[in-house]
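Below is one structure, written out as structure tokens, with a few remarks after it.
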Amino acid sequence: MRKFFLLLNLLLAAVCLNGCWSRVEVNDIAIVTATGLDVAENGKIRLSLMLAIPRLIGSGSAQSGSESKIETSAAWVVSEEGDTIMDTYRSLQEKLPRKIFFAHSRLLVIGQALAVRGIEPYLDFFERYRQSQLKSFLVVSKTTASDVLNFKSKFEKLPSEVLKEEMKQELIPKVRLIDFVNMLTSEGEEPFTPIVEIVPSETGKSGMNNLSVTGLAVFRRSSMVGQLDSKQGRGAMWVRNRVKEGVITIEVPKSAGAGKISAELEDVKVKRRLSVRDDRLFVRLVINIDENIYENTSSIDLNKSRNVNYVQGLMKEDIEERIQEASRKVQQEYKSDIFGFGQSLYRQDPKKWKREFRSRWPDMFPKTVISVEIHVNVLRTGLTNRVIRVEE
């Protein structure tokens with residue numbers, strides 16, 4: 001019996017001590033921080049990978065050199081062309097001494113030419129491959145994905161970190177790969193993603209040294225059919241209830257005090273109410289906004305409630321104008337339901353959607369009538385209500 005328990009203990013110890021059999025040493029892998037996809041000149045797919053160099057990221061060694069040394073040594077971009085992503089990935093692997101490791105990739109960049117051609121065939125790899133991250137941010141590059149990956153960041157050590165940190169701030173639209181796939185496969189909804197480009201960091205300067213989100217790429221199915229500029233994209237995000245933070249600036253007419261007033265959004269809630277009449281969809285957006293006024297260059301006295309009500313009215317007009325401008329572009333020009341109105345109809349009554357609306361939705365969406373009801377609540381008007389004026 002004693003020998004039996006001794007043997008049993010040895011067996012249990014052997015089972016418990018084998019937990020590191022699948023370990024992967026950092027020295028054996030090439031960590032991918034961002035992935036880029038482009039169309040090659042020969043029509044094949046070009047896969048670009050941004051590989052981090054761990055010994056130079058987050059260590060003092062990266063800080064000790066000159067700025068140019070940091071820019072050129074914190075990451076290494078490699079690329080290869082092939083028929084599929086897996087085929088190209090294998091070709092890249094043959095040229096690298098370390099095993100490519102996708103599990104830390106946080107950004108997927110699609111070149112505009114590939115986005116226009118359609119990206120559905122290339123999403124399959126990211127859904128199947130066990131190391132890929134569906135929570136990665138997805139963006140379209142105004143030029144090529146390779147340009148974005150090779151951008152030399154001034155503020156962060158990697159371009160992928162620049163965009164990741166910008167999107168965390170909730171000031172610009174953000175779409176993760178899983179969000180895009182959900183929009184693509186949902187009933188009555190078309191996908192969109194942010195557009196990024198390299199722009200000058202100073203207005204009026206010619207240097208291209210800042211990576212920025214400058215609008216929205218609008219898709220119909222998996223092909224990009226157009227783009228919205230920053231203001232129009234913001235209007236679309238109001239419709240999607242994706243505006244959480246931001247600043248609204250209105251211009252006060254000369255007759256009312258001449259100047260500008262800026263307010264910071266504190267809380268935004270958007271509800272949509274749908275009704276179908278005479279074979280047309282009517283969407284009423286009910287928007288409730290809490291905001292704080294932090295700048296007033298006009299002569300309006302915000303101590304008076306009637307003046308505050310007047311400012312609230314101007315802000316309502318500004319928001320409605322943005323929404324209607326985005327709607328005209330999306331409905332009339334691109335005919336792509338990135339607002340997800342069809343999805344809302346589907347959720348109301350799936351059977352009726354399939355029976356009456358699904359086949360006719362491409363014709364119904366451009367004719368959808370959108371109305372806006374906005375309630376603005378000014379919580380605070382700053383530390384003072386007095387406008388600074390120098391006596392003459």
Side-chain angles (χ1 to χ4, degrees), residues 166 168-174 202-204 212-216 228-275 282-331 339 368-392:
E166 283 186 12
K168 278 183 181 177
Q169 298 177 32
E170 303 282 353
L171 295 175
I172 57 176
K174 61 181 179 184
E202 291 185 69
T203 304
S212 178
V213 174
T214 56
L216 279 187
L228 302 177
D229 63 24
S230 181
K231 184 179 178 183
Q232 295 163 349
R234 191 80 175 163
M237 292 302 98
W238 277 102
V239 181
R240 296 267 326 189
N241 193 19
R242 298 277 291 269
V243 175
K244 300 303 175 189
E245 297 181 13
V247 172
I248 298 176
T249 299
I250 55 164
E251 184 159 357
V252 179
K254 200 170 183 178
S255 58
K260 295 182 185 297
I261 295 178
S262 290
E264 185 179 60
L265 302 175
E266 184 163 310
D267 187 34
V268 179
K269 292 185 176 67
V270 182
K271 293 182 180 178
R272 56 176 64 173
R273 294 169 182 165
L274 283 67
S275 60
F282 290 79
V283 179
R284 185 163 187 78
L285 299 173
V286 181
I287 303 175
N288 289 287
I289 303 167
D290 290 337
E291 63 182 19
N292 301 309
I293 294 177
Y294 284 136
E295 190 169 357
N296 177 16
T297 64
S298 72
S299 59
I300 286 184
D301 182 1
L302 295 176
N303 269 322
K304 298 176 181 176
S305 60
R306 61 183 173 86
N307 288 342
V308 174
N309 292 337
Y310 175 72
V311 171
Q312 288 173 336
L314 292 179
M315 292 196 171
K316 290 177 186 177
E317 290 176 9
D318 181 83
I319 296 168
E320 183 168 1
E321 183 185 336
R322 290 183 186 217
I323 291 173
Q324 295 298 351
E325 186 178 343
S327 301
R328 280 192 293 273
K329 195 90 174 178
V330 170
Q331 287 183 271
F339 299 145
T368 297
V369 179
I370 301 174
S371 60
V372 185
E373 178 184 327
I374 304 175
H375 305 278
V376 177
N377 181 30
V378 176
L379 299 177
R380 288 174 283 273
T381 56
L383 298 178
T384 179
N385 285 324
R386 295 172 51 203
V387 179
I388 299 173
R389 288 282 183 269
V390 179
E391 296 291 339
E392 295 183 359

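Nothing here was measured: the structure is a model prediction, and the numbers come from that model.
- Distance check, rounded to the nearest 0.5 Å: CZ of Phe339 to CD1 of Ile323 gives 8.5 Å.
- Once rounded to the nearest 0.5 Å, the distance linking CD1 of Ile287 with NE2 of His375 reads 9.5 Å.
- Proximity of a side-chain donor or acceptor of Gln232 to a complementary backbone N or O of Asp229 within less than 3.5 Å is detected.
- Counting only heavy atoms from C-beta outward, the side chains of Thr249 and Ile261 never approach each other to under 4.5 Å.
- A pairwise comparison of heavy atoms in Glu264 and Tyr294 identifies OE1-CE1, 3.4 Å as the closest pair.
- Between Lys244 and Val268 the shortest heavy-atom distance is NZ-O, 4.2 Å.
- The nearest pair of heavy atoms linking Gln331 to Thr368 is NE2-O, 3.0 Å.
- Side-chain contact of Ser230 with Thr214: a donor-acceptor pair under 3.5 Å is absent, judged by distance alone.
- Residues Ile319 and Ile289 are in side-chain contact: their nearest non-hydrogen atoms beyond the backbone lie under 4.5 Å apart.
- If you take OG on Ser327 and CZ on Arg322, they are separated by 13.5 Å, rounding to the nearest 0.5 Å.
- You'll find the side chain of Leu285 stays beyond 4.5 Å of the side chain of Ser371, heavy atoms only.
- Within a 6.0 Å sphere centred on CZ of Arg273, heavy atoms belonging to other residues, nucleotides or ligands number 12 at most.
- A pairwise comparison of heavy atoms in Arg234 and Gly246 identifies NH2-CA, 3.3 Å as the closest pair.
- Remark: of the listed residues Thr297, Ile248, Val247, Ile293, Val247 is the sole one forming a side chain to side chain contact (heavy atoms under 4.5 Å, CB included) with Ser262.
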Please evaluate residues Lys260 and Asn296 with respect to the criterion side-chain contact (heavy atoms from CB on, under 4.5 Å), reporting the C-alpha separation (whole Å), side-chain torsions for both, the decisive distance (0.1 Å), and the verdict.
CA-CA 6 Å; Lys260 295 182 185 297; Asn296 177 16; over 6 Å; no
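- Contact record, Glu320 with Ile374: N-CD1, 4.0 Å, taken as the closest heavy-atom pair.
- Between Met315 and Ile250 there is a side-chain heavy-atom pair separated by less than 4.5 Å.
- The two residues Pro253 and Leu314 have their closest heavy-atom pair at CD-CD1, 4.3 Å.
- To the nearest 0.5 Å, atoms CZ (Arg272) and CZ (Arg240) are separated by 7.0 Å.
- The existence of a salt bridge linking Arg284 and Glu373 is confirmed by a sub-4.0 Å separation between a basic side-chain nitrogen and an acidic carboxylate oxygen.
- Residue Asp267 holds its CG atom at 10.0 Å from CG of Asn377, rounded to the nearest 0.5 Å.
- Within the structure, side chain to side chain donor-acceptor pair (under 3.5 Å) contacts touching residues 306-316 (residues at least two apart or in different chains) do not occur.
- Residues Asn292 and Glu266 have side chains that bring a donor and an acceptor to within less than 3.5 angstrom of each other.
- To the nearest 0.5 Å, the span separating CG on Asp290 from CG on Leu379 amounts to 4.5 Å.
- In this structure, Val378 and Glu291 have side chains that are in contact, with non-hydrogen atoms separated by less than 4.5 Å.
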